[in-house]
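Worksheet: the structure to be examined is printed underneath.
Just so it is clear, the structure is predicted and the values come from calculations on it, not from any experiment. Letters A, B, ... mirror the listed sequences (proteins, then strands); counts begin at 1.
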Amino acid sequence: MPVTAYILKGVRVVLEYGMLLWLLWFVTRLARAMFREVRQQHEVVKEPEVQRTEAVVTVLEAQEPELQGQRFAFAEEITFGRGAGNDVVIPENFVSHKHATIYQQGNQYVIEDLGSRNSTYVNGEPLQGAAYLQAGDEIRIGMVVFQFER
Amino acid sequence: MKYGKLMWAPLGIVLAGILVLICKKHVMGVQRAAELLQGVDWSFLPWLAAVALLSVFLQYLLVRRQADPLLLPIALTLASIGSVEIGRLKASLFMPQLRWLCVALVVMIFVLRFWRSLQQLLDYPYLLGMACVIILGLPMLFGTEIGGSKNWLVLGPMSVQPSEFGKIIILFFLAAYLSDHQQVLTAAKSRLLVLRLAPLRFIAPLICIWGLAVLMFVVEKDLGSALLFFGIAVLMTYMATGNKSYVFLALSFFGIAAIISYMLFGHVRVRVAIWLNPWSDPNGMAYQVVQSLFAFGTGGVWGTGFGFGHPGFIPEVHTDFIYAAIAEEWGLIGALMVLLCYVLFFWRGVRIALKCRDSRAALLAAGCASLMLLQAFIIVAGVTKFLPLTGITLPFVSYGGSSLVSCFILLGILAALSERRRSRA
């Protein structure tokens with residue numbers, strides 16, 4: 001009977017390792033499927049962000065005729081204030097000489113108040129220091145309301 | 001069928017396991033190959049076939065409904081490892097385990113089918129909370145003590161562990177309550193020292209849950225479920241609010257409760273003493289943990305081979321300590337793969353949660369996923385002496401009807417939440 005004994009033992013060992021390897025195979029397959037899905041989603045999410053490197057600030061409301069309906073496109077930075085050196089000059093008494101700035105940081109845009117007297121408002125809330133902007137945010141400086149788009 | 005290949009793994013593991021067990025009889029003294037098949041109890045076969053058919057049907061249903069197709073294979077693989085290991089440890093329990101697996105799969109189909117109605121439960125958080133208190137309170141009043149904790153209800157021929165189902169209701173309650181009061185809890189104004197907390201009446205239900213967990217622990221001696229309930233309440237609160245003050249409050253609450261119960265109750269002191277130094281009494285109180293550690297050591301990297309370890313020395317090896325048996329016979333590799341299955345399951349669950357639009361659904365999905373991982377962590381940590389030993393089941397793997405059914409209900413909830421066309425009117 002030793003032949004059947006050896007055969008049986010062989011079958012048994014193969015089956016034992018087979019179970020373990022089957023489990024290993026399952027987990028690797030599973031992990032690969034899941035990682036592949038995540039990678040595909042990343043690619044889908046990334047594409048639009050890379051192409052858009054320009055942002056636009058549109059004037060929604062303004063008393064001054066020279067600002068009404070204006071659109072200011074910029075890539076890296078745009079400054080607001082009463083002083084003539086700013087990209088967007090707002091000739092109002094409530095506006096400081098150097099009032100606020102929007103600049104690019106990585107893929108996002110940041111609005112920063114440059115220590116103005118009467119504060120910068122984002123979506124109706126007074127801005128504390130700096131904040132990330134999202135498309136569609138409304139910015140108020142003095143009496144002028146802008147909309148940020150990208 | 002998408003990912004259909006993955007469905008072969010559980011079936012293969014079960015069949016290979018059964019064949020190994022049959023071949024093993026040769027060593028036990030059966031001399032001729034033809035005699036091997038004699039005396040094998042084939043009564044499990046119809047149940048095995050039923051489980052296979054049901055799971056194929058379920059997977060087909062999930063794919064057709066565009067639900068997550070990877071969850072069910074993970075659960076089935078874990079269940080197959082569990083049931084085959086149970087068949088090896090206690091052959092008489094193999095058939096009941098398959099039967100329970102059948103029931104659990106049918107229940108999961110019902111959860112998927114009636115998810116719309118079940119989801120409406122989320123509109124009644126306080127009723128859910130009360131139901132939870134009643135369900136968890138029942139064993140305190142009418143409970144029977146089985147295996148050292150008084151958390152069983154005996155209903156005629158069956159015995160049910162209500163805490164297994166209570167945990168699902170508590171998930172629903174927490175998801176509904178926390179998302180309804182997210183604003184109040186997040187924008188907390190009142191300060192207590194360094195903590196930012198919402199007014200007391202909004203935290204009170206959470207404190208009730210914590211208190212309930214402690215009560216379970218004290219009255220029913222059910223350390224595992226208490227830890228699970230407490231942990232899930234804290235995790236869900238943190239996930240909903242992102243406020244660490246609640247975590248701090250909960251942990252201090254837990255710390256005080258733990259110290260008081262350590263001073264008052266003998267069984268808690270015993271557990272801690274076993275945890276700190278099991279070698280002081282290896283043949284008495286710490287026998288279970290010590291044997292489990294030996295099992296881990298014996299297994300090594302590749303294990304002793306399925307069916308050729310000696311996990312029978314561990315008491316309760318087929319329920320709470322099944323992980324020690326797996327570690328002994330499947331080795332470090334098998335044990336790690338089981339853990340990885342839980343981790344991947346959790347990851348999948350979190351991804352489902354992030355895709356949910358509704359904040360209640362998102363909280364519920366994240367809660368289901370983290371409940372499963374937390375439960376696996378608590379028992380694996382107990383078995384490996386990382387934490388004091390707490391008796392709960394290893395989800396999907398351990399023997400037990402209540403545990404299997406409740407795990408598959410959780411799985412059904414996750415799958416239902418991952419369905420793509422899930423617009424709620």
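- Looking at Leu340(B), only its side chain comes within 4.5 Å of chain A, counting heavy atoms on both sides.
- Options Ile7(A), Val11(A), Val38(A), Val13(A) differ in how many heavy-atom pairs under 4.5 Å they form with chain B, and the most are formed by Val38(A).
- Under a cut-off of 6.0 angstrom, the local environment of CD in Gln63(A) is sparse, with at most 12 non-hydrogen atoms contributed by other residues, nucleotides or ligands.
- Neither the backbone nor the side chain of Val14(A) comes within contact range of chain B; no heavy atoms are under 4.5 Å apart.
- In this structure, chain A has no heavy atom under 4.5 Å from any part of Val14(B).
- Ring planes of Phe148(A) and Phe74(A): tilted class, angle from 30 to 60°.
- More than 12 heavy atoms of other shown residues, nucleotides or ligands fall within 6.0 angstrom of atom CZ in Phe72(A).
- Contacts of Ile81(B) with chain A are made by side-chain atoms alone, with heavy-atom separations under 4.5 Å and no backbone atom involved.
- Side-chain contact between Val383(B) and Phe296(B) is present, with at least one heavy-atom pair separated by less than 4.5 Å.
- Taking a cutoff of 4.0 Å between a charged side-chain nitrogen and a carboxylate oxygen, Glu43(A) and Arg39(A) do not qualify as a salt bridge.
- Within the 4.5 angstrom heavy-atom criterion, atoms from both the backbone and the side chain of Arg348(B) approach chain A.
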